[in-house]
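These notes concern the structure reproduced below.
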2 protein chains.
Amino acid sequence: MLNWDDLKFFLAVSRAGSVRAAAEELKVNHATVSRRINSFENSLGQRLFERTSQGYVRTRLGDEIFNEAAYLEERLSNVERRIMGNDEQLSGEIRVTMPDLVAEELLLEGCALFCQQYPQVELDIVDSIKLLNLANREADVAFRIVKEPPEYLIGRKLAVLHRACYMAKKNLPLLKKEGWLEQQNWIGWTDKQRRPIGKIAKEYPRFSSKHKIANSKLQAIATRNGMGIGILPCFVGDRDPELVRIPPYTSEEKYDLWILSHPDLRKNAKIQTFVRFMTEYVHGNKGLLEGQEFIEP
Amino acid sequence: MLNWDDLKFFLAVSRAGSVRAAAEELKVNHATVSRRINSFENSLGQRLFERTSQGYVRTRLGDEIFNEAAYLEERLSNVERRIMGNDEQLSGEIRVTMPDLVAEELLLEGCALFCQQYPQVELDIVDSIKLLNLANREADVAFRIVKEPPEYLIGRKLAVLHRACYMAKKNLPLLKKEGWLEQQNWIGWTDKQRRPIGKIAKEYPRFSSKHKIANSKLQAIATRNGMGIGILPCFVGDRDPELVRIPPYTSEEKYDLWILSHPDLRKNAKIQTFVRFMTEYVHGNKGLLEGQEFIEP
DNA sequence: AACATGTGTTGCAAATACGCACCACTCATT
DNA sequence: AATGAGTGGTGCGTATTTGCAACACATGTT
């Protein structure tokens with residue numbers, strides 16, 4: 001039986017005049033187009049195109065089919081419109097979940113831009129520490145900070161999150177005092193993690209730990225107020241005008257930021273548009289996330 | 001972008017009312033239909049069918065699409081007809097090659113039926129011992145008697161060919177004479193094979209070999225005329241009214257009959273129709289080929 | 001003449017779709 | 001109840017399809 005999709009390829013090549021141009025239009029690799037046209041012709045036992053050095057030109061049979069196929073495509077776009085929602089515009093709801101810190105500092109801005117561009121789409125944003133279950137479809141899209149995402153989800157790594165050590169900017173004059181920095185303390189997270197780990201923490205072996213604040217946002221505020229040295233994500237610290245890194249100003253990569261969705265939604269136009277949009281948005285702010293926007297004093 | 005082929009599945013399920021029935025119509029596994037419908041709905045973000053215990057029932061959206069899709073299918077048949085029509089005129093020819101013996105005894109009858117049902121197809125039948133090259137399109141379809149076909153071709157095993165030992169029916173009365181059978185001789189093929197090989201030959205260790213006839217058809221005639229005991233394919237011997245098997249009437253499997261074509265033609269409708277037709281035809285005569293139609297006297 | 005840019009094809013590894021064999025469930029018949 | 005014939009769903013091994021990258025060839029430019 002005829003493969004309907006083959007006609008789509010036939011039309012694209014017909015109009016574009018070459019395999020490569022058609023491939024771009026169809027957003028697939030040009031080798032795929034080449035092979036599918038060849039396979040289509042084989043299945044018919046007929047040639048639809050003459051191969052010239054400039055590209056593909058329809059044969060007589062190709063011409064005959066072209067008109068019918070073009071008409072079909074036209075009608076098909078009606079179906080598509082009817083399915084995709086009555087407008088060309090995307091509409092409906094997208095449920096998104098994201099960690100509160102990145103949400104506040106960065107992602108919400110991106111979401112706002114998205115809503116501006118697609119006003120019909122309604123975002124249901126859940127800023128939750130708890131990992132919502134994408135498998136159960138509690139959310140359509142998730143931003144997560146992990147090293148490796150679960151393998152049953154699909155998505156991309158958006159950025160490598162860096163962190164660095166910060167102090168309150170208002171204490172900057174004290175830094176010149178000999179021995180002052182050495183007497184400072186970390187701001188602790190929990191009992192177990194009173195001593196920060198990672199290579200960056202080893203730069204300051206003599207720091208002690210004081211306080212316990214198990215929340216990133218509050219850690220930032222505490223640091224801002226001079227309660228100690230905070231290890232904060234660069235996208236928080238570098239952007240905060242009241243914070244400065246301490247010497248030697250280096251940052252350390254810790255986790256990765258991923259955007260994830262369920263494989264079933266891989267072909268869903270609305271979801272994928274959102275994913276692409278946010279991916280691009282975050283890439284635009286990659287420097288901040290990866291701690292490259294800090295300028296040494 | 002919409003996958004046009006998904007509509008084909010949508011239509012089939014729509015009409016058949018269940019995944020399994022649609023699968024049969026589409027000649028694919030029902031799991032495939034199930035998964036494609038689910039994936040289609042996921043890509044739309046909307047349901048096209050309600051799942052009931054009796055099967056799939058269209059939703060309101062499904063109804064809307066159904067009309068458009070049904071119309072598209074109708075128009076699509078124009079394309080198909082046009083291609084087929086063109087196919088008839090330009091290359092409405094299938095080149096088939098087959099061994100002469102099976103051709104005469106069985107396959108040609110099937111070909112005749114095929115031509116009757118598809119009068120627009122012209123068969124170019126080459127009954128040749130020499131193996132034509134399917135890769136060079138010297139033939140589109142080949143019937144071959146082998147144990148294992150070359151792996152660069154695709155096809156199916158049609159039957160296991162059996163052979164048995166025959167004598168002229170007119171000599172049947174002599175069989176009652178004590179010791180007559182033991183004095184008979186094989187009809188030889190070539191020098192090297194003057195003594196037949198295989199387990200069936202061992203049943204008659206005392207037979208000598210006489211004559212040399214290197215052609216199956218002529219061997220049959222020779223046997224018919226009482227020149228000796230012939231080892232013949234069952235589809236020749238069992239069907240010949242002038243031949244009978246000798247005791248203990250057993251048959252032995254020797255080669256397999258295959259129908260083969262080039263992978264490039266895997267999707268060629270004409271070829272595949274022919275292959276399917278002939279496969280079915282030969283299956284209908286399987287008993288004869290496999291020597292099960294002989295009734296012991 | 002060398003080069004860049006256009007064309008389509010092909011080998012190979014990875015992604016994807018498929019068929020098979022099973023399962024769970026519903027419903028009608030025994 | 002027990003059975004059988006429907007329904008759809010799922011895990012797994014395999015077959016097909018795809019993308020990538022490297023080609024080979026033609027054409028126009030430097």
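Protein chains get the first letters and strands the later ones, always in sequence-line order, with residue 1 at the start of each. Computation of the quantities below employed the complete heavy-atom set of this structure, encompassing side-chain atoms and omitting hydrogens, waters and symmetry-equivalent molecules.
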List in chain and number order the residues that pass ring-ring contact (aromatic ring centres under 6.0 Å, His included) with [X], two or more places apart in sequence or in another chain; answer none if no residue qualifies.
X        : result
A/Tyr71  : none
A/Phe114 : A/Tyr118, A/Phe274, A/Phe277
B/Phe10  : B/Phe49

Rounded to the nearest angstrom, tell me the gap between atom [atom1] in [X] and atom [atom2] in [N].
X        : N      : atom1 : atom2 : value
B/Ile37  : D/dG9  : CD1   : P     : 10 Å
B/Glu50  : D/dT7  : CD    : C1'   : 16 Å
A/Lys267 : D/dT18 : NZ    : P     : 10 Å
A/Gln54  : D/dC25 : CD    : P     : 17 Å
B/Arg36  : D/dG8  : CZ    : C1'   : 18 Å

Worksheet item: Can you name the side chain to side chain contact (heavy atoms under 4.5 Å, CB included) partners of B/Glu109, sequence neighbours left out?
Response: B/Arg239, B/Tyr281
Worksheet entry | Selection: residues 20-30 of chain A, any non-hydrogen atom under 4.0 Å of DNA chain C | A/Arg20, A/His30
Go through the structure and list residues passing salt bridge (Lys or Arg N to Asp or Glu O under 4.0 Å) with [X], not counting sequence neighbours.
X        : answer
B/Asp63  : B/Arg58
A/Asp256 : A/Lys147, A/Lys157
A/Arg156 : none
B/Arg51  : B/Glu41

Item to complete: May I ask you to say whether B/Glu73 pairs ionically with B/Arg15, meaning some side-chain N is under 4.0 Å from a carboxylate O?
Response: yes
Fill in: Salt-bridge contact A/Arg276-A/Glu280 (side-chain N to carboxylate O under 4.0 Å)
no
Discussion item. Per the side-chain hydrogen bond (donor to acceptor under 3.5 Å, both in side chains) rule, what does the pair list look like for residues 266-275 of chain A, sequence neighbours excluded?
Written reply: none
Atom pairs under 3.5 Å: protein N/O with N/O of nucleotides 11-13 of chain D:
{"from": "D/dG11", "atom 1": "O6", "to": "B/Arg35", "atom 2": "NH1", "distance (Å)": "3.4"}

Worksheet item: On DNA chain C, which is the earliest and which the latest nucleotide, 5' to 3', with an atom closer than 4.0 Å to a heavy atom of chain B?
Response: C/dC18 to C/dC27
